[in-house]
Amino acid sequence: MSESTKVLVNKPLALNKTVKKNSRFFSNRLLLTGSILLVITTFIGVFASFLSPYEILEIDPKNRLAAPSNAHWFGTDNFGRDVFSRTMYGVRISLLIGVTVTLVASVIGLTVGLLASYYKLLDHIFMRICDGLFAFPSILLAIAIMSALGPKSINVIIALVLVFIPSIARIVRSAALVVKEKVFIEALQAQGASSFRILFLHIAPNILAPLIVQVTFVFAVTILTEASLSFLGAGIPAPLPSLGNMLYDGKLAIYNAWWMTVFPGLFIILIVLGLNLFGDGLRDHLDPKSKLSVKRRKRR
């Protein structure tokens with residue numbers, strides 16, 4: 001067979017694979033809906049400075065607690081600040097903290113989980129530390145760390161990273177223990193491959209699917225925990241707009257200015273809902289066992 005005919009044969013195969021992948025994505029309603037919500041909220045966070053018609057710290061006492069109108073789409077707060085502009089920046093800050101915490105916690109959790117799965121001594125040390133951290137509810141642990149470090153944005157990130165490392169480390173460890181028993185790992189050990197090469201070049205790539213799914217849920221819980229900390233006064237310090245501290249400001253005037261709590265709360269719901277739907281859909285997309293169970297249910 002000539003090279004030209006090989007190219008002609010391979011092109012339809014590549015197109016068929018692409019069509020199948022696209023059809024799987026669009027047929028997965030959870031993944032599709034979650035992706036749409038994430039794209040919308042990410043767009044708002046990235047272009048918050050262009051979408052905001054007013055400065056987030058601009059005070060207008062004459063228009064304090066003004067209802068939603070053409071001039072102020074989401075109304076104004078108790079200082080006359082535009083709620084729409086502050087909500088857009090609040091989405092940006094929440095997403096920025098969520099992304100930073102998720103990335104840092106994932107890298108550290110991945111390293112801790114891999115080392116714990118490969119070395120028994122480190123397994124006992126790391127897992128006992130994780131058990132100790134799991135003994136406290138995440139919000140209480142975050143509040144305790146913030147009370148020790150102080151209410152600063154960087155301290156919020158540090159506290160949330162420490163809170164979510166154990167959950168990621170446990171997922172990585174359990175998945176790595178399964179991969180560690182595979183034949184190709186034993187072959188690498190027999191060939192004299194280094195521990196670093198086995199852990200990070202062969203085991204790590206084979207546990208990315210459960211790690212990615214777990215990361216999406218950690219991202220969602222990070223958004224909620226950061227909002228809770230800010231609502232309690234232990235998170236993002238004022239006057240920076242956070243969805244959590246905007247809810248705190250709104251609860252003082254909830255009967256007179258409902259818009260101060262409804263709109264920030266609505267965006268928290270949209271972000272967390274999008275992440276949860278995306279995580280559930282991604283799990284079904286990556287896990288072949290879940291696909292088989294869905295097919296069996298449809299047959300029944």
Side-chain angles (χ1 to χ4, degrees), residues 30 33-99 138-139 142-143 151 153 156 160 216-217 219-280:
L30 294 177
T33 307
S35 300
I36 293 173
L37 291 176
L38 287 181
V39 168
I40 293 172
T41 52
T42 303
F43 178 83
I44 292 172
V46 172
F47 297 100
S49 56
F50 298 99
L51 297 173
S52 303
Y54 298 92
E55 292 290 334
I56 57 175
L57 302 179
E58 183 180 349
I59 297 176
D60 187 8
K62 294 181 180 179
N63 289 321
R64 61 186 302 269
L65 300 180
S69 61
N70 292 331
H72 301 280
W73 294 347
F74 289 179
T76 61
D77 62 6
N78 48 357
F79 291 102
R81 297 172 298 191
D82 184 61
V83 175
F84 178 80
S85 301
R86 291 178 63 80
T87 302
M88 298 299 102
Y89 274 92
V91 171
R92 169 185 284 184
I93 291 175
S94 296
L95 290 177
L96 183 61
I97 290 178
V99 169
S138 59
I139 184 64
I143 291 173
S153 299
V156 174
L160 294 179
T216 59
F217 295 119
F219 196 171
V221 179
T222 300
I223 299 294
L224 282 177
T225 308
E226 182 275 324
S228 302
L229 288 175
S230 299
F231 180 80
L232 296 173
I236 302 298
L240 284 177
S242 167
L243 296 177
N245 59 31
M246 289 180 69
L247 288 177
Y248 175 79
D249 293 336
K251 81 178 181 67
L252 302 176
I254 190 170
Y255 295 107
N256 299 323
W258 54 265
W259 51 88
M260 289 180 61
T261 54
V262 168
F263 293 116
L266 179 62
F267 276 92
I268 292 176
I269 293 173
L270 289 177
I271 295 172
V272 176
L273 179 63
L275 287 168
N276 284 328
L277 291 177
F278 183 80
D280 286 336

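Side-chain atoms are counted along with the backbone in the values below, which use heavy atoms only and exclude waters and symmetry mates.
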Counting only pairs under 3.5 Å, give me each side-chain donor-acceptor contact of residues 241-249, with atom names and distances, residues two or more places apart or in other chains.
unit_1 : atom_1 : unit_2 : atom_2 : d
Ser242 : OG     : Glu226 : OE2    : 2.8
Ser242 : OG     : Ser230 : OG     : 3.3
Ser242 : OG     : Gly244 : N      : 3.4
Asn245 : OD1    : Ser242 : N      : 2.9
Asn245 : ND2    : Ile236 : O      : 3.3
Asn245 : ND2    : Leu240 : O      : 3.0

Kindly list each side-chain donor-acceptor pair under 3.5 angstrom involving residues 254-275, sequence neighbours excluded, with atom names and distances?
unit_1 : atom_1 : unit_2 : atom_2 : d
Trp259 : NE1    : Ala66  : O      : 3.4
Trp259 : NE1    : Thr76  : O      : 2.9
Thr261 : OG1    : Trp258 : O      : 3.1

Sequence neighbours excluded and cut-off under 3.5 Å, please list the side-chain donor-acceptor pairs for residues 44-61, or say none.
unit_1 : atom_1 : unit_2 : atom_2 : d
Ser52  : OG     : Ala48  : O      : 2.6
Tyr54  : OH     : Ala71  : O      : 3.0
Asp60  : OD2    : Asn63  : ND2    : 2.6

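For the residue pair Thr225 and Ala142, the shortest heavy atom distance occurs at CG2-CB, 4.3 Å. Closest of all the heavy-atom pairs between Gly279 and Phe217 is C-CZ, 3.8 Å. Nearest heavy atom pair, residue Asn276 against residue Ala220, reads OD1-CB, 3.8 Å.
Applying the salt bridge (Lys or Arg N to Asp or Glu O under 4.0 Å) definition to pairs two or more places apart or across chains, none involves residues 264-274. Residue pairs meeting the side chain to side chain donor-acceptor pair (under 3.5 Å) criterion with at least one member in residues 64-73, sequence neighbours excluded: His72-Asp82.
Rounding to the nearest 0.5 angstrom, the gap separating the CG atom in Leu95 from the CZ atom in Phe219 is 5.5 Å. Note that the OG atom of Ser35 and the CG atom of Leu30 stand 10.5 Å from one another [nearest 0.5 Å].
Applying the side-chain contact (heavy atoms from CB on, under 4.5 Å) criterion to Leu232, with sequence neighbours excluded, gives Ile143.
Between Phe231 and Lys251 there is a side-chain heavy-atom pair separated by less than 4.5 Å.
Checking side-chain atoms of Thr41 against main-chain N and O of Leu38 turns up a donor-acceptor pair under 3.5 Å.
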